Amino acid sequence: MEESSTNKLKQERKKRARIARIKKTVMSIIGIWLILSMGICTCLFVKVHALEEKLDYLLDNFTVSGQLEEESKQTIPHAEESAYFDLEGVAEEDLSEEDYYVAQAVNQKENLAGPEDTHKVYLTFDDGPSSNTVQILDILKEYDVKATFFVIGQESEEAKALYKRIVDEGHTLAMHSYSHKYNALYSSLESFKEDFSRIQNYLYEVTGQECLFYRFPGGSSNHVSKTDMTQFIYYLNEQGITYFDWNVSSGDATSQAYTPKELVENVMTDVVKYKTSIVLMHDAQAKVSTVKALGTMIEALQNMGAEILPIDENTTVVQHIAAVSVDQQ
């Protein structure tokens with residue numbers, strides 16, 4: 001009897017041990033599943049957030065892509081067409097002494113190049129910084145060329161380092177709004193003022209340099225803004241800020257996928273027309289073709305004897321809507 005009782009007790013203990021092991025295994029599996037699920041959910045959340053930011057950026061840019069394509073065509077005109085605002089519409093006697101402190105846009109006819117004229121070319125990059133900005137800066141350094149970067153607001157350490165590098169390497173750091181969100185930026189004058197102050201103050205905090213040049217997202221002649229653009233122009237005039245549009249476009253702003261060779265051809269076809277060419281390009285994350293085109297473009301410009309310069313206070317101003325005309329309103 002005792003032996004039988006002992007065997008039953010051993011069997012019961014073994015059964016309990018098996019049940020305990022099974023429970024432990026099930027709990028371990030559940031724990032691992034929960035940890036994996038949480039990890040997957042976290043990764044998905046991060047990816048969804050990143051995709052939302054990219055979608056916002058794409059929506060902003062696709063909203064104006066068709067318009068920018070048309071404006072790019074308009075700013076690469078035939079000789080008899082107006083590439084940008086014609087100052088002949090503003091009589092000199094109507095300008096007071098104070099008005100001459102506002103940058104005056106060049107007359108398109110006066111900017112047409114003759115056979116003996118030197119071509120001054122200003123390479124400008126919008127929408128950065130990004131990893132493409134790093135490569136662009138490397139290429140510019142290789143060719144010992146200075147350019148102008150119309151940047152937006154980004155607060156990562158990588159972006160801060162690039163703002164500083166642009167300044168340290170002798171390029172011009174300029175403003176292209178903080179948010180680059182057309183609907184918010186152009187919703188009202190107050191919204192524009194807030195965005196402008198934010199990008200100007202932020203760049204000063206990061207680099208110690210006061211930025212004095214601005215480019216409107218979509219250009220001063222864009223048709224996206226629900227607010228009259230002259231309100232924003234007048235405000236920049238009051239702040240002593242000179243804004244630049246462009247008279248040569250590489251084509252990389254549009255939705256059409258140009259090859260690097262085509263981007264170079266787009267630029268070279270038009271810089272020969274002007275004494276001063278403000279070339280529109282972009283260094284956002286998606287603009288890989290621009291990076292690939294840059295070296296060839298610089299070599300072609302140098303071979304034609306062009307001076308490649310960064311925008312400064314002596315640069316001939318190209319504006320689709322002249323600041324002086326708005327200042328008189």
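Worth saying up front: this structure is predicted, and the values here are computed from it rather than measured. Count residues from 1 along the sequence.
If you chain together hydrophobic residues whose side chains sit under 4.5 Å apart, I22 and I30 fall into the same group. Taken together through direct or relayed side-chain contacts under 4.5 Å among Ile, Leu, Val, Met, Phe, Trp and Tyr, Y204 and I166 form parts of separate hydrophobic clusters. Under the 4.5 Å side-chain heavy-atom criterion for Ile, Leu, Val, Met, Phe, Trp and Tyr, I136 and V288 are members of distinct hydrophobic clusters. Side-chain heavy atoms closer than 4.5 Å link hydrophobic residues (I, L, V, M, F, W, Y) into clusters, and following such links, possibly through other members, connects L112 to M268.
The number of heavy-atom neighbours closer than 6.0 Å to NZ of K146, taken from other residues, nucleotides and ligands shown, is above 12. Counting non-hydrogen atoms of other residues, nucleotides and ligands closer than 6.0 Å to NZ of K120 gives a total of 12 or fewer.
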>> As a quick check of understanding, evaluate side chain to side chain contact (heavy atoms under 4.5 Å, CB included) for F213 and T148, giving each step before the final call.
In response: CA-CA 10 Å; F213 306 113; T148 301; over 6 Å; no
> Given Y178 and E194, is the side chain to side chain donor-acceptor pair (under 3.5 Å) satisfied, shown in steps?
Replying inline: CA-CA 9 Å; Y178 191 94; E194 181 179 350; over 6 Å; no
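In this structure, the side chain of D245 does not engage the main chain of Q319 through any donor-acceptor pair within 3.5 Å. Under the 3.5 Å distance criterion, the side-chain polar atoms of N111 are left unmatched by any main-chain donor or acceptor of Y274. H171 places a side-chain N or O within 3.5 Å of a backbone atom of A147 that can act as its donor or acceptor partner.
Ring geometry for F196 against F192 counts as parallel: the plane angle stays under 30°, on a 0 to 90° scale with 60° as the upper cut. Using cut-offs of 30° and 60° for the angle between ring planes, the Y202 and Y163 rings count as perpendicular.
Annotation: Y182 is in aromatic contact with H180 [ring centroid separation under 6.0 Å].
Of all heavy-atom pairs between I199 and M175, the closest is CG2-SD, 4.0 Å.
When each of Y234, F232, F216 is paired with Y243, the ring pair (Phe, Tyr, Trp, His ring centres under 6.0 Å) condition holds for F216 and for no other.
A salt bridge does not link D127 with R215: every distance from a Lys NZ or Arg NE/NH1/NH2 to an Asp or Glu carboxylate oxygen is 4.0 Å or more.
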